[in-house]
There are 2 protein chains.
Amino acid sequence: MPLRPVTRRSVSDEVFDQLLDGVVDGDLVAGEPLPSERRLAEVLGISRPAVREALQRIAQTGLVEVRHGGATTVRDFRRAAGLDLLPRLLVRGGRLDAAIGRSVIEARAEVGPGIAALAATRGGPGLAAGLDEVIDRMTATADAIAWQELALDYWDLLVDGADSLVFRLMYNSLRTAYEPALPALAAVLADEVGQVEPYRLLAAAIRAGDAQTARAAASRVLTPTAEALLTAFAALETSEAEQ
Amino acid sequence: MPLRPVTRRSVSDEVFDQLLDGVVDGDLVAGEPLPSERRLAEVLGISRPAVREALQRIAQTGLVEVRHGGATTVRDFRRAAGLDLLPRLLVRGGRLDAAIGRSVIEARAEVGPGIAALAATRGGPGLAAGLDEVIDRMTATADAIAWQELALDYWDLLVDGADSLVFRLMYNSLRTAYEPALPALAAVLADEVGQVEPYRLLAAAIRAGDAQTARAAASRVLTPTAEALLTAFAALETSEAEQ
DNA sequence: GTGGTCAAGTGGTAAGACCAGTTGCGATCG
DNA sequence: CGATCGCAACTGGTCTTACCACTTGACCAC
């Protein structure tokens, strides 16, 4: 029995999740006002500061708009939310959303090669050396989860090499969304373990400073994973539809 | 004298900004503990709940980590922050950060064509019709700011057509970063006003459902703006270096 | 050295009061 | 009669104080 760290949930965490679910599920309609803080505190049986902390956090993500003196109104999260919301949408209630998962794969396939191209232009041999080191650790790995973590480390270096804050922040958001689901996804990607050749080719293109080759090589790195995940998501959706 | 809406800043807003600046500027070193909430409240001359609200919001963005019973520690925002932080980084203290601005342009040039390709595959003629309507409004516009806003509307439709939540959220984050700087940028992009032809070509590719053409057309839409902004940023950086 | 205990410090929650804006209704004035 | 002003009754914003829950580290007994 693998002991897991216990998850403590504070009251405001709980309220935060309830509000988030309400907005995303549409129970809280965009444009409609939220109950007042005092009312929420009363209904939920908690203190007003606890409600406020949850509301402030929800407002920080753009899901609601609070106006001093006026009512707090729900916003359309598809319009107002930023990429930071992705982790909370991809896996909700312990379940993976297949449609969103597919969207993540698409974005990865689109953005990844661009990052590789920038990294090839700016990274230099130092970056390539770091990538080679990760590849060495990959060759020594048989565990699917450890493999995926190394793949993330590999991309982490690549993003650093691209030297672009926007791509860095995008990557952080995507990684935060990806990591909780990693154990589940690693099982689907078990066949990938040991396939280091694409990673080597990409590292070589980086070392050569060849942006176009790097772009193509990155695509080759991402494609097998993308296809495996897409078929897995499709299977997940049909099984859900049957229920 | 053009009257502007007054900006009300609450106490917790003020603290939030101070903490954010501290983390981003490095005054608050990553890994180091923050002063306790009681101490912060004392030093800042405000109540503890106000401090807590600011801290919770900062924690929501990933800049600090709070642990019940333990100290609240600063995190490396380059590692921990998501794309939602971009608006706060791009324009800080009323000034535009040229390096980050360049990064935004790069990301836009990389992601935009991908969105256009997806939109061509999924949008259909309904999307093209909507785009045409925006184009019509663009032709009737001489004001640079209004033009930029229409360009954003155009992309908004495109992102909708791509039918990808991740790209939608990315776009929202980028737009939130972009919009506050729009008046300043519009001046740089004044020459663009009236150049609707690239937009028409892209709309045509969307209507035809031709992803490859749409990708190229999107690139043609973005390139002139990108070049103009990059040169402007370069000039901005040299002028800053002189100071 | 191992484990247990305890005190001090930290964040988490609660209650109540008051300040500061917004809204809408009704009295008032033209 | 209609437009306007002003006053209540909301709303969120802040403060104070107290206590609970958790972590840490020092100390002590085994």
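The basis for the numbers below is simple: all heavy atoms, side chains too, and nothing from hydrogens, waters or symmetry mates. Each chain gets a letter, A, B and so on, in the order the sequences are listed, and its residues count up from 1.
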What integer distance in Å separates [X]:[atom1] from [N]:[atom2]?
X	N	atom1	atom2	result
L40(A)	dG12(D)	CG	C1'	12 Å
I58(B)	dG11(C)	CD1	P	15 Å
H68(A)	dC18(C)	NE2	C1'	12 Å
E65(B)	dG11(C)	CD	C1'	13 Å
R38(B)	dC19(D)	CZ	P	13 Å
Q56(B)	dG11(C)	CD	P	11 Å
E42(A)	dG16(C)	CD	P	12 Å

| request: Measure the shortest side-chain to side-chain distance between L20(A) and T61(A) over non-hydrogen atoms and say whether it is less than 4.5 angstrom. | output: no
| query | Side chain of E37(A): nearest nucleotide among dT11(D), dG13(D), dT13(C)? | reply | dG13(D)
| field | Residues within residues 45-55 of chain B bordering DNA chain C, heavy-atom distance below 4.0 Å | value | R48(B), R52(B)
| query | Do L19(A) and V64(A) pass the side chain to side chain contact (heavy atoms under 4.5 Å, CB included) test, and can you show the C-alpha distance, the side-chain angles, and the key distance before you say yes or no? | reply | CA-CA 9 Å; L19(A) 290 174; V64(A) 304; over 6 Å; no
| task | Using ring pair (Phe, Tyr, Trp, His ring centres under 6.0 Å) as the criterion, list what pairs up with F233(A), not counting sequence neighbours. | result | none
